[in-house]
A.B. asks: 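One structure coming up, written as structure tokens, with questions to follow.
Bear in mind the structure is a predicted one, so any value in this text is a computation, not a measurement. Chain letters run A, B, ... following the sequence lines, proteins first, then strands; residues in each count from 1.
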2 protein chains.
Amino acid sequence: MQTLSTEDYLKAIYHVSQSSSGAVATTSIAKQIGAKPSSVTDMFKKLSDQNLVKYQKYQGVSLTNEGVKTALRIIRKHRLWESFLVSHLNFNWDEVHQVAEQLEHIQSEKLTNELERFLDYPTHDPHGDPIPNRALFMKTYNKILLTELPVNKEGVCVGVRDNSSGFLRYLDRRQIGIGTLLQVLHREDFDESLHIQAGKSTLMITKKTAENIYVKP
Amino acid sequence: MQTLSTEDYLKAIYHVSQSSSGAVATTSIAKQIGAKPSSVTDMFKKLSDQNLVKYQKYQGVSLTNEGVKTALRIIRKHRLWESFLVSHLNFNWDEVHQVAEQLEHIQSEKLTNELERFLDYPTHDPHGDPIPNRALFMKTYNKILLTELPVNKEGVCVGVRDNSSGFLRYLDRRQIGIGTLLQVLHREDFDESLHIQAGKSTLMITKKTAENIYVKP
DNA sequence: TTAAAAATTTAGTCATACCTAAATTTTTTT
DNA sequence: AAAAAAATTTAGGTATGACTAAATTTTTAA
Ligand SMILES: [Mn+2]
Ligand SMILES: [Mn+2]
Ligand SMILES: [Mn+2]
Ligand SMILES: [Mn+2]
């Protein structure tokens with residue numbers, strides 16, 4: 001049985017390892033967790049003792065099979081709770097993260113599975129991220145960044161790369177959300193900004209915004 | 001902001017102080033929490049430093065106003081979560097305690113208040129215990145033990161004194177639950193057992209059982 | 001290919017929340 | 001009113017999970 005802290009580390013290692021190749025570096029986890037590198041080293045040793053990561057001094061860590069499973073169990077709970085908060089408790093998608101960060105540590109298989117049933121087996125959370133099922137399997141569809149969508153081709157917004165409250169509220173104001181139909185009308189060479197069609201309105205967004213929005217063509 | 005541990009202590013102190021008069025003794029909390037008396041003394045000092053209890057060496061503790069409020073906030077969350085687990089997640093009333101013991105520590109006022117709204121402002125939890133409202137006020141009706149119900153007078157089961165899984169499942173088997181109409185048909189002098197009418201069936205229960213059932217006449 | 005910079009680990013602390021064993025205080029019994 | 005028993009506190013210790021400062025290793029740059 002894991003502590004709250006080891007669970008957060010495993011999750012952080014999983015996330016970092018998804019978005020980069022090779023072993024996960026001490027500093028990257030320190031940034032993610034908000035702790036000093038020396039504290040991360042301590043934890044790497046503990047996780048290694050429990051066979052949840054493979055750790056070589058100065059070379060970073062990689063999750064073992066057991067480590068991946070543990071991480072996915074936490075992610076499953078995190079995303080189910082986020083879904084619940086949005087669908088039944090009037091939370092906006094930018095408010096759920098902090099609370100789900102706590103709820104993901106509640107230990108009760110029955111609770112998790114009943115919550116999943118109550119929500120009718122959702123496949124994606126409010127941010128468009130896939131929810132691992134009971135067997136910890138999640139289907140990911142091939143999504144691309146809005147910057148990579150060819151001009152005039154339509155795509156549906158299926159996710160965001162930046163989950164920060166600031167970005168999510170910005171999208172709210174622009175009326176862009178999961179499911180919004182998007183189309184790049186024009187790509188401005190000068191500053192790489194995009195004129196897009198978002199639902200029924202046309203608007204201009206910067207490159208920085210576009211590269212934080214995932215679409216399915 | 002409290003830690004998980006201090007919250008459990010405050011709750012324990014509140015519960016013990018409700019069921020006995022005067023200051024709360026070290027040993028009683030040690031039993032409730034499942035820790036050694038020396039650990040309890042340590043915690044009493046910490047709580048006293050935070051002005052959540054009044055503590056006099058060798059004389060036990062009593063909650064301050066702030067301590068009572070903190071305890072009631074935890075109890076409010078505990079009972080709301082228990083209600084949710086039973087009403088929406090197919091938990092039986094004997095299974096909820098252990099999970100609510102964890103959920104009660106989640107920190108989010110919005111979560112608590114939205115959960116309360118979602119459950120339609122319940123006044124009592126699955127065990128018949130009153131749920132403090134947002135202002136931490138709870139209405140308690142005057143209930144008596146089944147042992148004190150006069151023979152042939154009807155009463156409704158409104159609570160239990162023993163919340164253990166064993167007792168609750170025993171009541172399930174006897175088809176006694178919150179809301180069940182009860183009537184004492186005969187009081188056996190010899191062994192103090194009771195013949196009772198419970199809903200549509202008549203059955204015999206021991207004194208020990210009867211003194212763990214609350215009824216409203 | 002050495003020197004500088006960056007990353008990482010080690011050594012030594014600290015706070016929380018437990019514990020055991022011993023000392024002290026209070027309560028009960030004789 | 002002592003003596004014995006029970007309750008409580010103190011002293012000293014452990015594990016977790018964080019920290020700072022210093023040492024070491026790896027990477028990058030001159
Ligand atoms: Mn977390
Ligand atoms: Mn999410
Ligand atoms: Mn608890
Ligand atoms: Mn209850």
A.B. asks: Would you kindly give the NZ-to-P distance between Lys36(A) and dA21(D), to the nearest whole Å?
C.D. replies: 10 Å
A.B. asks: Have a look at Phe44(B) and say if it touches a base, only the backbone sugar-phosphate, or nothing, with a 4.0 Å heavy-atom cut-off.
C.D. replies: nothing
A.B. asks: Does a salt bridge link Glu114(A) with Arg117(A), judged by any charged N lying under 4.0 Å from a carboxylate O?
C.D. replies: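 Yes, charged N to carboxylate O under 4.0 Å.
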A.B. asks: Within this structure, what is the CG-to-P distance between Asp49(A) and dA15(D), rounded to whole angstrom?
C.D. replies: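 Distance, rounded to whole Å: 13 Å.
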A.B. asks: Let me know the distance between CD of Gln56(A) and C1' of dT26(D), rounded to the nearest Å.
C.D. replies: 14 Å
A.B. asks: Taking CG from Asp42(B) and C1' from dG12(D), how many angstroms apart are they, rounded to a whole number?
C.D. replies: 12 Å
A.B. asks: Side chain of Gln59(A): nearest nucleotide among dC18(C), dT26(D), dA18(D)?
C.D. replies: dT26(D)
A.B. asks: Is any side-chain N or O of Lys45(A) closer than 4.0 Å to OP1 or OP2 of dT10(C)?
C.D. replies: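 Yes, such a contact exists.
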A.B. asks: For Leu4(A) and dA18(D), give me the distance from atom CG to atom C1', rounded to whole Å.
C.D. replies: 14 Å
A.B. asks: I need the CG-P distance between Leu47(A) and dG17(D), as an integer number of Å.
C.D. replies: 9 Å
A.B. asks: Is Thr26(A) touching bases, backbone alone, or none of the nucleic acid, heavy atoms closer than 4.0 Å?
C.D. replies: sugar-phosphate
A.B. asks: Between Lys46(A) and dG17(D), does any side-chain N or O lie under 4.0 Å from OP1 or OP2?
C.D. replies: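 Checking dG17(D) against Lys46(A), a side-chain N or O does come within under 4.0 Å of OP1 or OP2.
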A.B. asks: Calculate the interatomic distance between Tyr55(A) atom OH and dT9(C) atom P; express it in whole Å.
C.D. replies: 3 Å
A.B. asks: How long is the straight-line distance from OH of Tyr9(B) back to CG of Leu52(B), given to the nearest 0.5 Å?
C.D. replies: 14.5 Å
A.B. asks: State which of dT25(D), dT20(C), dC19(D) makes the closest approach to the side chain of Tyr58(A).
C.D. replies: dT25(D)
A.B. asks: Looking at Tyr9(A), I'd like to know whether one of its side-chain N or O atoms comes within less than 4.0 Å of OP1 or OP2 on dA18(D).
C.D. replies: yes
A.B. asks: Do the ring centers of His88(A) and Phe84(B) come within less than 6.0 Å of each other?
C.D. replies: no
A.B. asks: Reckon Ser5(A) touches a base, only the sugar-phosphate, or nothing at all at heavy-atom distances under 4.0 Å?
C.D. replies: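 Sugar-phosphate contact only - Ser5(A) comes under 4.0 Å of backbone atoms but never of a base.
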A.B. asks: With distance as the sole criterion, do the side chain of Ser38(A) and the base of dT20(D) form a donor-acceptor contact below 3.5 Å?
C.D. replies: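 Side chain to base: pair found, below 3.5 Å.
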A.B. asks: Please determine if a side-chain N or O atom of Lys57(A) lies less than 4.0 Å away from the OP1 or OP2 oxygen of dT10(C).
C.D. replies: yes
A.B. asks: Should the pair Arg76(B)-Glu109(B) be classified as a salt bridge under the 4.0 Å nitrogen-to-oxygen rule?
C.D. replies: no
A.B. asks: How is Ser39(A) classified with respect to the nucleic acid when contacts are heavy atoms under 4.0 Å: base, sugar-phosphate, or nothing?
C.D. replies: base
A.B. asks: Enter the distance from Asn90(B):CG to Lys110(A):NZ here, rounded to the nearest 0.5 Å.
C.D. replies: 6.5 Å
A.B. asks: For Asp8(A) and dT16(D), what is the distance between atoms CG and P respectively, to the nearest whole Å?
C.D. replies: 17 Å
